[in-house]
Amino acid sequence: MKNSKYKIRKGWEYRFIYKNGRRKSNRFFVLYYIKNNLGYSRFGISASKKLGNAVKRNRVKRLIREVIRLRDDIKGMGMDIVLVARDGMLGIKFKDADEAFGNLIKHLGA
RNA sequence: UAAGUAAGACAGAUGAUCGCCUCGUCAGUUAUGACGGGGAGGAAAGUCCGAACUCCAGAGGACAUGGUGCUGGGUAACGCCCAGUGGGGGUGACCCUAAGGAAAGUGCCACAGAAAAUAAACCGCCAGGAAGAUGCUAUGCAUCUUCCUGGUAAGGGUGAAACGGCGAGGUAAGAGCUCACCGCUCCGUUGGCGACAAGGGAGGCACGGUAAACCCCACCAGGAGCAAGACCAAAUAGGAAAACGUUUCAGGGUAGAAAUAUCCUGAUGAAGGCCUGUCCGGCCAAGGUUUUCGGGUUAGGUCGCUUAAGGUUCCGGGAAACCGGGAUCUCAGAGGAAUGAUCAUCGCCCCUUCAAGGGUAACCUGAUAGGGGAACAAAACUCGGCUUAUUUCUUACUUAGUCC
RNA sequence: UGGGGCGUCGACAAGCGGUAAGUCACGAGAUUUUGGAUCUCGCAUCCGGAGGUUCGAAUCCUCCCGCCCCAG
């Protein structure tokens with residue numbers, strides 16, 4: 001139960017963020033973000049059917065979760081963030097994903 | 001050594017650090033924390049079959065629709081499995097097999113071919129007759145050509161397929177016309193639970209193919225599906241169930257003095273709804289009154305939800321699938337969905353390097369070091385199968401080559 | 001999760017046991033000074049894939065692959 005409040009779960013929440021949020025991207029993923037008023041950040045991960053079968057999609061989602069887990073700075077920002085995986089994520093290592101995510105969120109605080 | 005066939009096993013291991021899901025215990029008003037247990041597969045996949053479970057519908061019958069289709073067994077059940085029979089393939093180990101009925105009926109069989117199914121007769125073959133030509137030993141005979149009548153189905157040619165095959169006899173030419181062998185049909189015998197097999201006798205050729213064409217026969221199927229369904233909660237809204245009662249008209253009967261009440265028949269309402277394919281057959285009744293208090297909806301919650309046709313192991317029965325009994329274990333149950341990340345060591349495979357060994361040589365084996373790689377694939381109610389994807393290995397067997 | 005449908009040339013498509021229609025596009029030629037328009041000719045041979053039934057399969061059967069739609 002303790003993690004469920006950090007998750008974005010409902011379809012209309014995703015649609016709201018896609019429509020009203022800002023967007024950044026590189027070849028590994030697309031990042032949508034918008035300020036919320038909760039005092040903590042919430043995350044959603046999307047891996048579409050284009051990426052491959054269930055095993056590949058799960059692998060990608062786990063990598064993204066691990067990347068987020070190890071970055072405490074972003075959790076206190078008070079943002080709703082959706083990460084959409086692109087097919088560049090297939091077959092990469094944790095280090096590359098972490099580096100790419102770091103570059104993407106570098107200037108997010110402002 | 002190479003190629004192959006059949007069974008079976010595995011799905012890298014261990015440790016450290018940081019995390020995820022869930023259950024139990026304890027602490028806590030909650031949020032949560034601590035400790036302990038558990039946490040994807042052989043296919044979890046495709047969703048192609050079969051069940052369990054749940055709700056709906058059930059008087060009954062007939063038809064339709066769909067499925068299955070050699071025999072015997074196994075199973076909760078199956079289109080699955082085991083064993084066998086027939087047929088087919090392979091040198092072989094072995095594999096494949098939708099394998100009932102074409103003498104119940106209907107349809108189809110393009111092109112080619114004379115003819116594609118009650119047989120028929122194009123080129124032919126043979127006999128008789130007529131006409132003509134030629135020759136000769138000349139009122140005739142022989143040969144050839146054309147026509148007519150008849151007998152044939154051997155041969156030719158077409159086709160995927162041509163009304164038994166092949167050989168001999170027989171004949172004017174031929175023909176199961178006769179005979180042997182094979183095939184076919186019928187009737188006994190023996191073996192087998194049976195599919196069927198073996199062998200015998202008789203008949204005398206009759207019966208083309210196609211049923212994954214319609215169909216016939218035998219057997220099996222009610223429908224939907226865990227988002228099934230059950231309960232709780234709040235808000236909104238005013239509905240739901242039961243009982244009473246129940247359209248109009250015409251004719252007739254009964255009670256009554258009559259008004260009227262009630263019953264029957266027909267039409268109308270009614271070309272309705274329900275009986276979850278259709279029909280027969282059956283059932284129901286709008287509005288209204290009375291009584292009762294529930295019913296529906298929902299990005300809510302709980303249950304269903306994992307102790308089961310269960311796993312492991314031992315014994316017994318059976319040729320096997322499988323069955324019976326004993327012991328023992330509890331082993332994911334979740335929100336759009338939890339198993340990951342980093343590092344180390346060992347093991348496996350590949351490439352490069354090269355100490356050393358073998359060989360006349362090409363080359364082969366390979367300590368060490370470095371680098372790279374490790375398949376297919378994620379539970380969504382649960383089981384039994386099938387199908388498809390896919391890594392590494394073991395055992396047995398077959399064929400071929402070489403050596404002893 | 002359950003149910004239903006479709007794959008035929010580059011595009012749209014007909015054919016549903018007997019030689020794979022047609023339109024547009026494309027290529028070649030004719031016509032024209034050139035282009036367009038017009039005319040003639042050509043263009044599937046692996047009918048999504050693999051097996052099977054049949055003498056013969058795009059068509060019938062089985063299993064896969066891809067795409068689309070519907071219910072909640």
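Heavy-atom basis, side chains included; hydrogens, waters and symmetry copies ignored. Quick caveat, the model's predicted, so the values are computed rather than measured. Every chain is numbered from 1, with letters handed out A, B, ... down the list of sequences.
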Base paired to [N] (Watson-Crick or G-U; both N/O distances under 3.5 angstrom):
N      : value
B/G310 : B/C329
B/U339 : none
B/U345 : B/A13
B/U118 : none
B/A142 : B/U134
B/C35  : B/G24
B/A389 : none
C/C41  : C/G27

Strictly below 4.0 Å: does A/R62 bring a side-chain N or O up to OP1 or OP2 of B/U339?
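Looking at the OP1 and OP2 atoms of B/U339, one of them is under 4.0 Å from a side-chain N or O of A/R62.
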Using the glycosidic torsion, which applies to [N]: syn (within 90° of 0) or anti (everything else)?
N      : answer
C/U54  : syn
B/G325 : anti
B/G188 : syn
B/C331 : syn
B/G176 : syn

Can you measure from CG (A/N103) to NZ (A/K24) and round to the nearest 0.5 angstrom?
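Here the interatomic distance stands at 10.0 Å.
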Give, for atom OG of A/S46 and atom CD1 of A/I64, the distance between the pair rounded to the nearest 0.5 Å.
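Rounded to the nearest 0.5 Å, the OG-CD1 separation comes to 9.0 Å.
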Give me the distance, rounded to whole Å, that separates [N] from [M] when you measure between the [atom1] atoms they each carry.
N      : M      : atom1 : result
B/G60  : B/C55  : C1'   : 25 Å
B/G174 : B/A121 : C1'   : 15 Å
B/A99  : C/C43  : C1'   : 48 Å
B/A40  : B/G333 : P     : 11 Å
B/A211 : B/A227 : C1'   : 44 Å
B/G183 : B/A161 : P     : 24 Å
B/C95  : B/A7   : C1'   : 15 Å
C/G15  : C/U59  : C1'   : 9 Å

For residues A/Y33 and A/R23, report the shortest heavy-atom separation together with the two atoms involved.
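What the structure gives for the nearest pair is CE2-N, 4.3 Å.
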Residues A/V84 and A/Y32: closest non-hydrogen pair is CG2-CE1, 4.0 Å
How long is the line joining CZ of A/F43 and C1' of B/G336, in whole Å?
19 Å
Within this structure, what is the CD-to-C1' distance between A/E66 and B/C343, rounded to whole angstrom?
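The distance from CD of A/E66 to C1' of B/C343 comes to 14 Å, rounded to the nearest Å.
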Is there a donor-acceptor contact under 3.5 Å from the side chain of A/N58 to the main chain of A/K61?
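Not confirmed, A/N58 side chain does not pair with A/K61 backbone.
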Derivation of the side-chain contact (heavy atoms from CB on, under 4.5 Å) call for A/F101 and A/L31
CA-CA 9 Å; A/F101 186 68; A/L31 181 98; 4.0 Å; yes
Under 4.0 Å between any heavy atoms, over every strand shown, what does A/R65 touch: base, sugar-phosphate, or nothing? Just pick one.
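Here A/R65 touches the backbone only, sparing every base.
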4.5 Å side-chain heavy-atom contact, A/I34 and A/R22:
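Result no, sub-4.5 Å side-chain heavy-atom pair not found.
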Start at the 5' end of RNA chain B and walk down; is the nucleotide closest to A/N58 or to A/I45 reached first?
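Per heavy-atom nearest nucleotide, the more 5' residue is A/I45.
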Let me spell it out: for each of A/K56 and A/K61, pick the nucleotide of RNA chain B with the closest heavy atom. Which residue's pick is nearer the 5' end?
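Checking each residue's closest nucleotide, the 5'-ward one belongs to A/K61.
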